[in-house]
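Below: one structure, written as structure tokens.
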Amino acid sequence: MMKTIYKYSTMFLLAMGCIAISCQEEYITYNDAEYVMFADTLQTYAVQEGDLATFSIPVVSTVTRDYDRTFAVEVIDVQDQAVEKLHYTIESNTVTIPAGQTRADVKVRGLYENLDPASPVYLTLQLIAPEEVQMPLYGNRTKAVLQRVDPFRLEDFTGWCVFSSMFLYQYSMTGSYQRLVKCEVKTEGENPVVICRNMFKDGYDIEMVFHPEEPLNQYVTVPEGQAAADEYSFFGISYGDNEILVRNSSLYTSNFYTYGKYLYVWTELYVETLGDPYGSVGHFYNVMEFVSDAEARRLYNEGMPGYSE
């Protein structure tokens, strides 16, 4: 058992039980009743570099009219919220739903350079509309969360990383749940592939595919059928073909964040016999925190397994 626990272990242990649950709102049309409102009472918007820093907050109506409808939009001052001209600017303090349409957009530009990607800020907007067109109980406000999203750089997720795994924590015969793993680019492109050398055990490399297309939902997948280790090294017995296989977890998403050099990876490990399913070992949470070559060498010298020049 190594004497020094890596400094990020605390974050790993705290993060193990955290699962983000996203909620969706259901929109209802009330026949001929006219209601005007923000489409969402709470929404997160990605603020990226250049033209991608501008986003739209939709205002919707339950009916069309044969004339334009203009409403004022005001910012509600709330302590600790985003500051206008520091974190964002608003294109106009009014919004107009054109004749024959049911939607208009409040244009907001996030000031990318002033936002902290690790600390989203929000602003609260209020739609000034006659009381008779305000939907009961729904309200006339929305909270817009501004999330800065830095450009995806594949090099941030290559090189040496500290791999902390709940599978190793549960099954390792040495008692160590952390390893030094080296990740290398296999292919580049829209969905680049990275090879993680000796990920769960020496001699077994695992490929991961990056999916950076959606700024607020960037994730990785682990293709099915890859061998992560032999059974005997972890179980002391072979139940199937003496290979522990790994694939992407079907229960949880494996996310990454461009502002930090780390990955949260959910994997399912399983066993087959003669190519047929034998059983699932379980779904396991893993954290990969990328470090410099010098840091990897230091950790190896202090006893962390997995390093090789």
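All values below come from the heavy atoms of this structure, side chains included, with hydrogens, waters and symmetry mates left out.
- Look at Arg247 and Glu224 and you find a salt bridge, because one of the NZ, NE, NH1 or NH2 atoms lies within 4.0 Å of a carboxylate O, short of that distance.
- Within the 4.5 Å cutoff, the side chain of Phe167 has heavy atoms near those of the Ile244 side chain.
- Using a 4.0 Å cut-off between a side-chain N of Lys or Arg and a carboxylate O of Asp or Glu, Arg69 and Glu34 qualify as a salt bridge.
- Between Phe256 and Phe152, the two ring planes are tilted [angle within 30° to 60°].
- Salt bridge status for Arg109 with Glu91: absent, with no side-chain N to carboxylate O gap under 4.0 Å.
- By the side chain to side chain donor-acceptor pair (under 3.5 Å) test, Thr187 is found to be paired with no residue, residues two or more places apart in sequence or in another chain being considered.
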Could you list the donor-acceptor pairs under 3.5 angstrom formed by side chains in residues 232-239, with sequence neighbours left out?
from	atom 1	to	atom 2	distance (Å)
Ser233	OG	Asp230	OD1	2.8
Ser233	OG	Asp230	OD2	2.8
Ser238	OG	Asn242	OD1	2.8

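- Partners of Glu184 by side chain to side chain donor-acceptor pair (under 3.5 Å), not counting sequence neighbours, listed by chain and number: Arg197.
- Closest approach of Val149 and Gln218 over heavy atoms only: CG1-NE2, 4.2 Å.
- Counted by atom type alone, Thr124 and Lys143 present zero donor-acceptor pairs between their side chains at under 3.5 Å.
- One hydrophobic cluster, built from ILVMFWY side chains closer than 4.5 Å, holds both Val181 and Val185.
- Both Tyr278 and Leu269 sit in one connected hydrophobic cluster of ILVMFWY residues. Membership requires side-chain heavy atoms under 4.5 Å apart, directly or through other members.
- Cluster membership check: Val47 shares its hydrophobic cluster with Leu125, using side-chain heavy-atom separations under 4.5 Å among Ile, Leu, Val, Met, Phe, Trp and Tyr.
- Contact annotation: the side chain of Cys183 approaches that of Met288 to within less than 4.5 Å [non-hydrogen atoms, C-beta and beyond].
- Taking 4.5 Å as the limit, some side-chain heavy atom of Phe200 sits within range of a side-chain heavy atom of Phe163.
- Rounded to the nearest 0.5 angstrom, Thr267 OG1 and Met166 CE are separated by 11.5 Å.
- The SG atom of Cys161 sits 10.5 Å away from the CZ atom of Arg179 when rounded to the nearest 0.5 Å.
- Across all their heavy atoms, Ala144 and Tyr45 have their closest contact at CB-CE1, 3.7 Å.
- Annotation: Glu190, atom CD; neighbour count of heavy atoms from other residues, nucleotides and ligands within 6.0 Å does not exceed 12.
- Inter-residue side-chain proximity for Ile57 and Gln43 is flagged as unmet; no heavy-atom pair is nearer than 4.5 Å.
- Side-chain contact of Thr44 with Gln147: a donor-acceptor pair under 3.5 Å is absent, judged by distance alone.
- When hydrophobic clusters are built by joining Ile, Leu, Val, Met, Phe, Trp and Tyr residues whose side-chain heavy atoms come closer than 4.5 Å, directly or via intermediates, Val265 is grouped together with Val281.
- Atoms CE and OG1, on Met37 and Thr62 in that order, are 5.5 Å from each other to the nearest 0.5 Å.
- Using modelled atom types and a 3.5 Å distance limit, the side chains of Asn191 and Glu213 yield a donor-acceptor pair.
- Ring geometry for Tyr285 against Tyr264 counts as parallel: the plane angle stays under 30°, on a 0 to 90° scale with 60° as the upper cut.
- No side-chain heavy atom of Asn114 sits under 4.5 Å from any side-chain heavy atom of Val83.
- Within a 6.0 Å radius of CG in Asn301, more than 12 heavy atoms belonging to other residues, nucleotides or ligands are found.
- Looking at Leu299 and Leu180, their side chains come closer than 4.5 Å, going by heavy atoms from C-beta outward.
- In the hydrophobic clustering (ILVMFWY side chains linked at under 4.5 Å, chained through shared members), Tyr270 is joined by Leu245.
- Listed here is the closest heavy atom pair of Pro223 and Val209: CG-CG2, 3.9 Å.
- Minimum interatomic distance between Glu231 and Gly240 (heavy atoms only, all atoms of both residues): OE2-N, 3.0 Å.
- A donor-acceptor contact closer than 3.5 angstrom links the side chains of Asp150 and Tyr112.
- Residues Asp105 and Val59 have side chains not in contact (no heavy-atom distance under 4.5 Å, counting atoms from C-beta outward).
- The aromatic rings of Tyr262 and Tyr259 sit perpendicular to each other, their planes meeting at more than 60°, with 30° as the lower class boundary.
- Other residues sharing the hydrophobic cluster of Leu137, ordered by chain and number and joined by side-chain separations under 4.5 Å: none, the residue standing alone.
- Neither side chain, Thr96 nor Asp68, offers a donor N or O lying under 3.5 Å from an acceptor on the other.
- Within the 4.5 Å cutoff, the side chain of Thr102 has no heavy atoms near those of the Val63 side chain.
- Between the NE2 atom in His87 and the CD atom in Glu84 there is a gap of 12.0 Å [rounded to 0.5 Å].
- With sequence neighbours excluded, the residues satisfying side-chain contact (heavy atoms from CB on, under 4.5 Å) with Ile128 are Ala72, Glu74, Gln126.
- Between Thr70 atom OG1 and Ile97 atom CD1 the span is 9.0 Å, to the nearest 0.5 Å.
- Contact detail for Leu146 and Tyr88: the closest heavy-atom pair is CD2-CB, 3.8 Å.
- No single ILVMFWY cluster, assembled from side-chain heavy atoms under 4.5 Å apart, contains both Val193 and Val222.
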- Could you walk me through whether Lys261 and Glu155 pass the salt bridge (Lys or Arg N to Asp or Glu O under 4.0 Å) check? CA-CA 10 Å; Lys261 296 183 178 182; Glu155 58 267 27; over 6 Å; no
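- Heavy-atom minimum distance, Ser56 versus Pro58: O-CD, 3.5 Å.
- Taking the six-membered ring where the residue is Trp, Tyr177 and Tyr169 present perpendicular rings, their angle passing 60° and hence far from 30°.
- Although no hydrogens or angles enter the test, the distance criterion places a donor-acceptor pair under 3.5 Å between the side chain of Asp116 and the main chain of Ala118.
- For the atom pair Ser249 OG and Trp266 CH2, the distance stands at 6.5 Å (nearest 0.5 Å).
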